[in-house]
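As structure tokens, the structure follows; a few thoughts come after it.
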Amino acid sequence: MGVLWGIPYLMIKVAVDSDLTPSMVVFTRCALGAALLLPFALRQGGMPAVLRTHWRPMLAFACVEILGPWWTLTDAERHLSSSTAGLLIAAVPIIGALLARFFGDTERLGPRRVTGLALGFSGVAVLTVPHLTGGDAWSLTEVLITALGYAIAPLIVARHLKDVPTLQLIAPCLTLAAVVYAPAAAATWPDEVPDGPTLAALAGLGVICTALAFIVFLELIREAGPTRAVVFTYINPAVAAAAGFTFLSESLTPSFAAAFTLILAGSFLATAASGPRPAPRRVPWSARQTSRADGRVEVLVDLPEERPGSTGQGGG
């Protein structure tokens, strides 16, 4: 997953440098992903019922995960390096830790997580402040808007879409995005067929970084669980930076290295658990509780022995 979702920045950069519009890139990516995933989602059955029941949160998820962020990220990379975009996206866990407080997360932040938030935002500042007065200011803002969308989307899934199968969530959202961007893509369709590297980048975005990536992510969640599965988030910027340096000759500046260290350290600390959860309190057994459970009881231990005849509920 670190590779599958670390290389899109390279492929997006290759596509936009060939003068393809952001709408064209997003449309191609979504259309290829939908064409590959939709047949499998339909084969599972029950999609009409899923859409009728969950269309509102699915629409919200599509807007904040795909429709908005994929366009703003692609547009930003017309002016930013792929490594810079990938590093700023690494702020997603930091933003998510803050947003979770507004979505009902009552877990105490604690000194460790607060330190992580401060480090992470310091890294973002190191990377963005020198460019705020130049032409890259809006591009940096677009990437941060993308990161905000990526941070909100998992919260929507956790609250409203956790029972929806992944394929039946992703395939309709990709289909919707392809339909939305189809008119703009048609209006900016290139006069000539793009060159080989551009076509390869578009195919990689749709097949590898969208369709295959979502399938692998589903299997990863099943094997490692939803919490441990997102550890790959910390690998993405390293993959994006290595790809940019290797294939696009992007330079490694001291400010990039400092921001890289601060953002990744901040992400790790900000998303760490603040401490062990308290053990659940034992509830004494009673006949009333048993009757409400239709006679089903669990084996309880360490309860005081009941004296016969004392309550009329024991062996007496």
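- Under the 4.5 Å side-chain heavy-atom criterion for grouping Ile, Leu, Val, Met, Phe, Trp and Tyr, V164 is connected to W55 within one hydrophobic cluster.
- Smallest separation of non-hydrogen atoms from E250 and S83: OE1-OG, 2.8 Å.
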W138 vs T141, side chain to side chain contact (heavy atoms under 4.5 Å, CB included): CA-CA, chis, key distance, verdict: CA-CA 5 Å; W138 172 243; T141 303; 3.9 Å; yes
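- Side-chain atoms of T246 come within 3.5 Å of backbone N or O of A242 as a donor-acceptor pair.
- Atom CD1 of residue I152 and atom CG of residue L148 lie 4.0 Å apart, to the nearest 0.5 angstrom.
- Distance check, rounded to the nearest 0.5 Å: OG1 of T21 to CZ of R78 gives 9.0 Å.
- Without hydrogens or angle criteria, W5 side chain to C209 main chain gives a donor-acceptor distance under 3.5 Å.
- The closest side-chain heavy-atom distance from L73 to E142 is not below 4.5 Å.
- For the atom pair T198 OG1 and M24 CE, the distance stands at 11.0 Å (nearest 0.5 Å).
- A side-chain donor-acceptor contact under 3.5 Å links S18 to the backbone of A15.
- Between the side chains of D75 and T72, not a single donor N or O lies within less than 3.5 Å of an accepting N or O.
- Between P57 and H160, the shortest heavy-atom contact is CB-CB, 3.6 Å.
- Hydrophobic clustering, with ILVMFWY side chains joined whenever heavy atoms are under 4.5 angstrom apart, groups V50 together with L169.
- Between the Y181 side chain and the L67 main chain, a donor and an acceptor come within less than 3.5 Å of each other.
- Contact check for V25 versus L205: side-chain heavy atoms found under the 4.5 Å cut-off.
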Evaluate side chain to side chain contact (heavy atoms under 4.5 Å, CB included) for Y9 paired with I89, printing each intermediate quantity in order. CA-CA 10 Å; Y9 311 101; I89 294 298; 3.2 Å; yes
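- Annotation: the span from L10 atom CG to F245 atom CZ amounts to 12.0 Å, rounded to 0.5 Å.
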Walk me through it: do L88 and T146 pass the test side chain to side chain contact (heavy atoms under 4.5 Å, CB included)? CA-CA 9 Å; L88 284 175; T146 302; over 6 Å; no
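- Here the CG atom belonging to L36 is positioned 8.0 Å from the CD1 atom belonging to I215, to the nearest 0.5 angstrom.
- With L37 as the fixed residue, the side-chain contact (heavy atoms from CB on, under 4.5 Å) test singles out one of L167, T210, T166: L167.
- Cluster membership for L248 and V143, using ILVMFWY side-chain heavy atoms within less than 4.5 angstrom, is not shared.
- Not one N or O on the side chain of E65 forms a donor-acceptor pair closer than 3.5 Å with the backbone of A60.
- Closest heavy-atom contact between M11 and G204: SD-C, 3.6 Å.
- Counting heavy atoms from C-beta on, the side chains of L176 and L59 come closer than 4.5 Å.
- In this structure, D163 CG and Q168 CD are separated by 12.0 Å, a value rounded to the nearest 0.5 Å.
- A continuous path of Ile, Leu, Val, Met, Phe, Trp and Tyr side chains, each step under 4.5 Å between heavy atoms, connects F40 with L4, placing both in one hydrophobic cluster.
- Taking every heavy atom of both residues into account, F27 and A178 meet most closely at CD1-O, 3.3 Å.
- Contact check for M47 versus L38: side-chain heavy atoms found under the 4.5 Å cut-off.
- Note: the hydrophobic cluster containing F247 does not contain L199 (ILVMFWY, side chain heavy atoms under 4.5 Å, direct or indirect links).
- Taking all atoms of both residues into account, the shortest heavy-atom contact from C30 to I66 is SG-CG2, 3.8 Å.
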Trace of the side chain to side chain contact (heavy atoms under 4.5 Å, CB included) decision for R29 with L202: CA-CA 7 Å; R29 179 179 183 179; L202 292 174; over 6 Å; no
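- In terms of modelled atom types and a separation under 3.5 Å, the side chain of K13 and the main chain of L80 share a donor-acceptor contact.
- The shortest heavy-atom contact between E77 and V16 is O-CG2, 3.7 Å.
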